[in-house]
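Data first, discussion second: the structure below is written as structure tokens.
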Amino acid sequence: MYGELFAGVGRDPADEIDAIFSEDVTPDPVIVRDIPFYSMCEHHLLPFFGHARLVYVPHRHIAGISKIARALDVAARRLQVQERLTAQLADAVLGRVQPLAVACRLEAEHLCMSMRGVRKPGHRVITTAARMNTAAETADCAAAYSRRDLLDMLAV
């Protein structure tokens, strides 16, 4: 059981994004929503779980959509905090797919807050991360999308 729960320890989430396509790529945003995830709070050793949303603006490549879900699973299956999990997903997509821009939003319930302490079941913690490709050849194109633009796309 613990081998499955912590299967992401020592693994790089970006390595899961191994299906990259470079044909007929357009710079139109790609949005993936409602990807479920389960992780373990590193402070309380209790689960937190929820859904992820991600948007990226392709430059030269697009990713196999299931690979983004796999990257999320690898990052989530370790002792984790939601803020870092959000950043790791954005960084994995930026590093592997090299889009003009990427943003992700994770929404989760933390059992460490639901079943102990303040005991507030049903709460949601929302974290976001946005990254812009700063490579010289993409800087002008990436500037067309602000952090706010990306986060607005995730709110849909």
Side-chain angles (χ1 to χ4, degrees), residues 1-20 27-58 62-134 142-156:
M1 175 177 82
Y2 291 107
E4 181 181 356
L5 292 176
F6 300 111
V9 173
R11 294 175 56 198
D12 183 352
D15 290 343
E16 298 301 310
I17 306 173
D18 59 1
I20 305 290
D28 299 315
V30 175
I31 301 171
V32 185
R33 314 175 6 152
D34 302 326
I35 308 169
F37 70 89
Y38 303 87
S39 194
M40 191 72 69
C41 173
E42 71 181 35
H43 297 123
H44 303 102
L45 300 177
L46 290 170
F48 66 95
F49 59 93
H51 290 86
R53 294 179 180 186
L54 181 132
V55 59
Y56 73 94
V57 182
I62 56 174
I65 297 302
S66 69
K67 304 306 182 174
I68 293 170
R70 289 179 190 273
L72 175 61
D73 280 345
V74 166
R77 293 195 177 274
R78 57 181 78 167
L79 292 176
Q80 191 61 278
V81 294
Q82 186 174 331
E83 296 86 348
R84 184 183 323 118
L85 177 57
T86 309
Q88 288 174 345
L89 180 58
D91 291 341
V93 173
L94 183 66
R96 188 65 70 175
V97 184
Q98 300 176 342
L100 297 173
V102 60
C104 57
R105 176 182 191 256
L106 272 60
E107 186 171 334
E109 180 172 348
H110 293 244
L111 291 186
C112 52
M113 189 171 155
S114 296
M115 62 185 282
R116 59 162 295 281
V118 297
R119 296 186 181 140
K120 300 296 179 194
H123 72 278
R124 293 289 180 263
V125 176
I126 298 171
T127 52
T128 61
R131 307 285 188 266
M132 301 301 213
N133 192 334
T134 57
Y145 291 94
S146 70
R147 176 182 172 87
R148 177 83 270 146
D149 292 333
L150 294 170
L151 295 177
D152 284 348
M153 285 185 238
L154 291 177
V156 173

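Sequence positions, counted from 1, serve as the residue numbers for this chain.
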Q.
Please determine whether side chain to side chain contact (heavy atoms under 4.5 Å, CB included) holds for the pair M153 and R53, giving the CA-CA distance in whole Å, both sets of side-chain angles, and the decisive distance to 0.1 Å.
A. CA-CA 10 Å; M153 285 185 238; R53 294 179 180 186; over 6 Å; no
Restricting to non-hydrogen atoms, name the atom on [X] and the atom on [Y] that form the minimum distance, rounded to 0.1 Å.
X	Y	value
A52	L106	CB-CD1, 3.8 Å
V30	P58	CG2-CG, 3.9 Å
D34	P36	O-CD, 3.3 Å
I35	A69	CG2-CB, 3.9 Å
A90	R131	CB-CG, 3.9 Å
I31	V55	CG1-CG2, 3.6 Å

Can you tell me how far apart [atom1] ([X]) and [atom2] ([Y]) are? Round to the nearest 0.5 Å.
X	Y	atom1	atom2	answer
E83	T128	CD	OG1	10.5 Å
Q88	D12	CD	CG	9.0 Å
R119	S114	CZ	OG	11.5 Å
M132	L100	CE	CG	9.0 Å
D28	I62	CG	CD1	11.0 Å
C112	H43	SG	NE2	9.0 Å

Would you say [X] and [Y] make side-chain contact, with heavy atoms under 4.5 Å?
X	Y	result
V57	L150	yes
L79	L45	yes
R78	M40	no
H110	L46	no
L72	L85	yes

Q: Could you go through the side chain to side chain contact (heavy atoms under 4.5 Å, CB included) check for L94 and N133 one step at a time?
A: CA-CA 7 Å; L94 183 66; N133 192 334; 4.3 Å; yes
For [X] and [Y], indicate whether the former's side chain and the latter's backbone hold a donor-acceptor pair under 3.5 Å.
X	Y	value
H51	R33	no
E107	I126	no
R11	E16	no
Y56	A63	yes
R96	A14	yes
H44	C41	no

Q.
If you apply the rule side chain to side chain contact (heavy atoms under 4.5 Å, CB included), what do you find for R148 with L151, and how did you get there?
A. CA-CA 5 Å; R148 177 83 270 146; L151 295 177; 3.6 Å; yes
Q) More than 12 foreign heavy atoms under 6.0 Å from CZ of R70: is that the case here? A)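 No, because the 6.0 Å sphere around CZ of R70 holds 12 heavy atoms or fewer from other groups.
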Q. Under 3.5 Å, is there a donor-acceptor pair linking the side chains of T127 and Q82?
A.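 Side-chain D/A pair, T127 to Q82: present.
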Q.
Which label fits F37 and F48: parallel for a plane angle under 30°, tilted from 30 to 60°, or perpendicular past 60°?
A.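 F37 vs F48 ring planes: perpendicular.
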